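For reference, the structure is listed below as structure tokens.
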Amino acid sequence: MRIADEDDPHLAFPHTTQPLGFEDLAATELRTSCRLRYQSMTSTEASERIVCPHAVVKASGRYHVRAFDFSRKRFIDFSLSRVLSSDPLPDHAPVPAALDDDWHKTVEVAFVAHPRLSPAQRSTIAREYGMQQGVAVITVRRAMLFYLLDEMRLLKAIRQQDKDLADVPIWVKNSKYVADELASMESET
């Protein structure tokens, strides 16, 4: 995951064959409110949103902006490719990024070799993932937890607390804690 926030002076996008459709918002220095026309996958029609962005992230193969959504009165992620248009609103009061608790809170995810593996396979996985004493702890912003689990192909297994659903050679040692953090964040939506 690549994260650029208000403290990152180099907000750079790699070359892409598809336009991000987000030039105005990216040019807002991540502090100016914008009016977006946004096509959510939970709505059949595009809607207008007024947002105040503070970070751009590449996760799960797409760019997202983390922004305060004035209509929902909370911080959420917007997929850049779903932004149909954006207009800066420089006179609209900005929302400080410091108020985004999920952005500033971190979650430690303890990855281990999957228990179904043989001892030799677990040893190999531990080496591949740079595990120390059989564990690799990744600290992630709570707001990025969904994307980490999605990228590791563990999201469904963690949500259902069923390690047999994990079709990868790793598991999360503290899966109950991670599932609770994920569920708590998702219940706020």
Side-chain angles (χ1 to χ4, degrees), residues 1-16 20 22 26 30-31 41 53-68 74-81 96-189:
M1 279 177 263
R2 166 79 170 101
I3 299 175
D5 61 24
E6 74 261 3
D7 298 323
D8 187 347
H10 303 98
L11 179 60
F13 295 101
H15 297 289
T16 178
L20 294 176
F22 210 59
L30 299 177
R31 289 182 190 85
M41 291 296 101
H54 73 82
V56 176
V57 178
K58 184 176 183 188
S60 297
R62 298 180 302 168
Y63 285 98
H64 304 264
V65 67
R66 182 82 178 163
F68 184 82
R74 57 185 223 82
F75 288 92
I76 61 173
D77 301 330
F78 293 91
S79 176
L80 296 181
S81 60
L99 297 178
D100 188 352
D101 294 335
D102 288 336
W103 185 256
H104 296 288
K105 182 180 180 189
T106 58
V107 176
E108 288 190 351
V109 183
F111 291 102
V112 295
H114 201 288
R116 74 170 169 255
L117 299 176
S118 72
Q121 290 172 321
R122 285 195 301 270
S123 179
T124 299
I125 294 303
R127 274 194 316 279
E128 279 184 14
Y129 285 84
M131 296 177 182
Q132 301 297 315
Q133 298 176 347
V135 180
V137 177
I138 305 294
T139 302
V140 64
R141 295 177 189 271
R142 188 173 187 239
M144 301 304 299
L145 181 59
F146 170 91
Y147 302 110
L148 174 66
L149 296 173
D150 184 53
E151 287 179 0
M152 300 302 286
R153 297 183 14 221
L154 290 167
L155 185 60
K156 182 177 180 180
I158 293 297
R159 280 182 171 152
Q160 295 183 19
Q161 282 296 279
D162 185 349
K163 63 181 110 182
D164 291 333
L165 291 175
D167 63 347
V168 292
I170 57 171
W171 184 241
V172 177
K173 183 177 182 178
N174 59 341
S175 62
K176 174 76 170 107
Y177 163 72
V178 170
D180 289 347
E181 287 292 320
L182 186 64
S184 172
M185 198 171 75
E186 290 176 340
S187 72
E188 297 170 4
T189 59

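Below, all heavy atoms of this structure are taken into account, side chains as well, without hydrogens, waters or symmetry copies. The structure displayed is predicted, hence computed values, not measured ones.
- Across all their heavy atoms, Ala157 and Ala166 have their closest contact at CB-N, 3.7 Å.
- Residues forming a side chain to side chain donor-acceptor pair (under 3.5 Å) with Asn174 (at least two apart in sequence, or on another chain): none.
- Ile125 has its side chain within reach of Met131: a pair of non-hydrogen atoms, C-beta onward, lies under 4.5 Å apart.
- With sequence neighbours left out, the side chain to side chain donor-acceptor pair (under 3.5 Å) criterion links Asp101 to no other residue.
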* To do: Report the C-alpha separation of Ile170 and His114 in whole Å, then their side-chain angles, then the decisive distance to 0.1 Å, and conclude whether the side-chain contact (heavy atoms from CB on, under 4.5 Å) test is met.
  => CA-CA 4 Å; Ile170 57 171; His114 201 288; 5.8 Å; no
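- Judged as a salt bridge (charged side-chain N to carboxylate O under 4.0 Å, His left out), and not counting sequence neighbours, the contacts of Arg159 are Glu186.
- The minimum heavy-atom distance between Pro169 and Tyr129, with the atom names listed, is CG-OH, 4.5 Å.
- Within the 4.5 Å cutoff, the side chain of Asp100 has no heavy atoms near those of the Phe68 side chain.
- Side-chain contact check for Leu145 versus Asp102: every heavy-atom pair is 4.5 Å or farther apart.
- Contact of the Val107 side chain with the Tyr177 side chain is registered, since non-hydrogen atoms from C-beta on lie closer than 4.5 Å.
- Ring planes of His54 and Trp103: perpendicular class, angle over 60° (limits at 30 and 60°).
- The backbone N or O of Ala59 lies less than 3.5 Å from no partner atom in the side chain of Glu151, so there is not a single donor-acceptor pair.
- Across every non-hydrogen atom of Val65 and Pro53, the tightest pair is CG2-CB, 3.5 Å.
- Among pairs with a residue in residues 163-172, those fulfilling side chain to side chain donor-acceptor pair (under 3.5 Å) read Arg153-Asp167, at least two apart in sequence or across chains.
- When every heavy atom of Ala98 is checked against every heavy atom of His104, the shortest pair comes out as CA-NE2, 3.5 Å.
- A pairwise comparison of heavy atoms in Arg142 and Ser184 identifies NH2-OG, 2.9 Å as the closest pair.
- In this view, Lys105 and Glu181 satisfy the salt bridge (charged side-chain N to carboxylate O under 4.0 Å, His left out) rule, not counting sequence neighbours.
- With rounding to the nearest 0.5 Å, the separation of CD1 in Ile138 from CD in Glu108 is 10.0 Å.
- By the 4.5 Å heavy-atom criterion applied to side chains, Asp77 and Tyr147 are counted as neighbours.
- The two atoms that bring Leu117 and Gln121 nearest to each other are CA-OE1, 3.5 Å, heavy atoms only.
- From Asp150, atom CG reaches atom NZ of Lys156 across 13.0 Å, with rounding to the nearest 0.5 Å.
- At least one side-chain heavy atom of Leu99 sits less than 4.5 Å from a side-chain heavy atom of Phe75.
- Under the 4.5 Å side-chain criterion, counting only non-hydrogen atoms from C-beta, Phe111 is in contact with Leu154.
- Of the possible polar contacts, one joining the Gln161 side chain to the Ile158 backbone as a donor-acceptor pair under 3.5 Å is found.
- Partners of Lys176 by side chain to side chain donor-acceptor pair (under 3.5 Å), not counting sequence neighbours, listed by chain and number: Asp180.
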